Amino acid sequence: MSERFNGKAALITGSAKGLGKEIAKMLAEEGAGICIADISENIKKTAKEFKSMGFNVICQVTDVSKPEEIKKMVDAACSEFGKIDCLINNAALPYQGPLMDIKWEDWDPIINVNLKGSFFALQHTARKMIESGNGGSIVNISSLAGSGGRPLYVPYAASKAAVMNMTQSAAKVLAQYNIRVNSISPGNMYTEMFVECAEEVSKESNTDLESTLDIWKKRIPLNRFGQPSEVAKAVLFLCSDDSSYITGQIYNVCGGLSIP
Ligand SMILES: NC(=O)c1ccc[n+]([C@@H]2O[C@H](COP(=O)([O-])OP(=O)(O)OC[C@H]3O[C@@H](n4cnc5c(N)ncnc54)[C@H](O)[C@@H]3O)[C@@H](O)[C@H]2O)c1
């Protein structure tokens, strides 16, 4: 196992399960001290599991749509590890529903968690990184849904498009401090969130889950859904010194689904 992250500290939001949990696990396997945070109390179970694997881990129950909780989460990571080298903004809420049914209030949780949560975690962490003078790497998890129209996921897709744009603005501002900001844009990764979306679509179109998954799979040039570890590997690359000259970039991890 490589030791790329020995002596480094990483903060990963939305890491009780799914992609965030896998990213945290792989960072810890390569030597990072990790602060895992999630709105779900299950984060404590995940931390226990990670401790039993010998990882250097702390956990925070954090709602990233609340600025005071973001501050508490970042401060906890800094007081445990003395610094944050890597922030992975992964926490997000999905949204699914016909465009003409979307209500004013439907937008609020999606924008508050996916966009404002990511931005203020970035801002507060960047302050700490600037103070430390050691630079850092921030990876915002966006989505392929944020590129081009997605009629069934309008608030979610719009929030992820905004995350990509915010990534580029932050990269320009923070480059002077050697803080790199990039984004990973996953396609169809096999997680709970993904299966729940597929179930919703199946229900609305009166088809069974297997048929929906089959149709989706056929659209992917590599002809399979992605594994969480395949996103995590790309995140680790962007967090590591292997990507020292890369900032403001958005990488699709999607089995070729983005190919026009
Ligand atoms: N799975 C996919 O196919 C896919 C595709 C594109 C993008 N993504 C993105 O990847 C990331 C992870 O997706 P996933 O499939 O692992 O989802 P998931 O639903 O399995 O995990 C998301 C985690 O975020 C947490 N979370 C939700 N709201 C929160 C809040 N307010 N504060 C803190 N934590 C909160 C949840 O509790 C959950 O543990 C998300 O940003 C998602 O939009 C996933």
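For ligands, and for the atoms within them, numbers begin at 1 and follow the listed sequence. All values below come from the heavy atoms of this structure, side chains included, with hydrogens, waters and symmetry mates left out. Predicted model, so just to flag it, every value in this text is computed and none were measured.
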Counting each atom of ligand 1 from 1 as listed, which ones have a heavy atom of [X] under 4.0 Å away?
{"X": "Val113", "result": "28 (N), 31 (N)"}
{"X": "Phe194", "result": "1 (N), 3 (O)"}
{"X": "Ala92", "result": "24 (O), 27 (C), 40 (C), 41 (O), 43 (O)"}
{"X": "Met189", "result": "1 (N), 2 (C), 3 (O)"}

Less than 3.5 Å between some nitrogen or oxygen of [X] and one of ligand 1, yes or no?
{"X": "Asp63", "result": "yes"}
{"X": "Ser143", "result": "no"}
{"X": "Ser15", "result": "no"}
{"X": "Ala91", "result": "no"}
{"X": "Gly20", "result": "no"}
{"X": "Asn188", "result": "no"}
{"X": "Pro186", "result": "no"}
{"X": "Glu192", "result": "no"}
{"X": "Tyr156", "result": "yes"}

Residue and atom name of the nearest protein heavy atom (relative to [atom]), distance in Å to one decimal:
{"atom": "atom 5 (C) of ligand 1", "value": "Gly187 O, 2.9 Å"}
{"atom": "atom 23 (C) of ligand 1", "value": "Gly14 O, 3.5 Å"}
{"atom": "atom 32 (N) of ligand 1", "value": "Val64 N, 3.0 Å"}
{"atom": "atom 37 (O) of ligand 1", "value": "Asp38 OD1, 2.6 Å"}
{"atom": "atom 9 (C) of ligand 1", "value": "Ile141 CG2, 3.7 Å"}
{"atom": "atom 20 (O) of ligand 1", "value": "Lys17 NZ, 3.5 Å"}
{"atom": "atom 1 (N) of ligand 1", "value": "Thr191 OG1, 3.0 Å"}
{"atom": "atom 33 (C) of ligand 1", "value": "Thr62 O, 3.1 Å"}

Show the nearest heavy-atom pair for residues [X] and [Y], with the distance to one decimal.
{"X": "Cys35", "Y": "Phe81", "value": "N-CE1, 4.0 Å"}
{"X": "Ile184", "Y": "Pro186", "value": "O-CD, 3.3 Å"}
{"X": "Asn114", "Y": "Ala92", "value": "OD1-CA, 3.3 Å"}
{"X": "Pro94", "Y": "Met193", "value": "CD-CE, 3.8 Å"}
{"X": "Ile141", "Y": "Ser183", "value": "C-OG, 4.5 Å"}

Does [X] use its side chain to pair, donor to acceptor, with the backbone of [Y] at less than 3.5 Å?
{"X": "Thr247", "Y": "Val181", "result": "yes"}
{"X": "Asn140", "Y": "Asn89", "result": "no"}
{"X": "Asn182", "Y": "Gly248", "result": "yes"}

At a 4.0 Å cut-off, with the gap strictly under it, does some heavy atom of Lys66 reach an atom of ligand 1?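 Heavy atoms of Lys66 never come under 4.0 Å of ligand 1.
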Kindly assign one of parallel, tilted or perpendicular to the pair Tyr251 and Phe237, based on the angle between their ring planes and the thresholds 30° and 60°.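 Ring orientation, 0 to 90° scale: perpendicular.
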Begin with the C-alpha distance, continue with both residues' side-chain angles, and end with the deciding distance and a verdict on salt bridge (charged side-chain N to carboxylate O under 4.0 Å, His left out) for Lys45 and Glu49. CA-CA 6 Å; Lys45 235 172 74 191; Glu49 184 186 329; over 6 Å; no
Trace of the salt bridge (charged side-chain N to carboxylate O under 4.0 Å, His left out) decision for Asp241 with Arg4: CA-CA 8 Å; Asp241 289 341; Arg4 269 188 300 182; over 6 Å; no
Do Glu22 and Ser229 meet the criterion of a side-chain donor-acceptor pair at a distance under 3.5 Å?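 Result is no, nothing qualifies.
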At under 4.0 Å between heavy atoms, which part of Asn42 makes contact with ligand 1: side chain, backbone, both or neither?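 For Asn42, there is no contact with ligand 1 at all, from either part.
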Which option, Ser142, Ser185, Ala145, Cys197, owns the non-hydrogen atom nearest atom 7 (C) of ligand 1?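 Nearest heavy atom to atom 7 (C) of ligand 1 lies in Ser142.
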From Leu19, Ile12, Leu11, residue fulfilling side chain to side chain contact (heavy atoms under 4.5 Å, CB included) relative to Ser15: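 The option that passes is Ile12.
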Under the criterion side chain to side chain donor-acceptor pair (under 3.5 Å), I'd like the reasoning laid out for Thr62 against Glu69: C-alpha separation, chi angles, the key distance, then a yes or no. CA-CA 6 Å; Thr62 304; Glu69 293 197 19; 5.3 Å; no
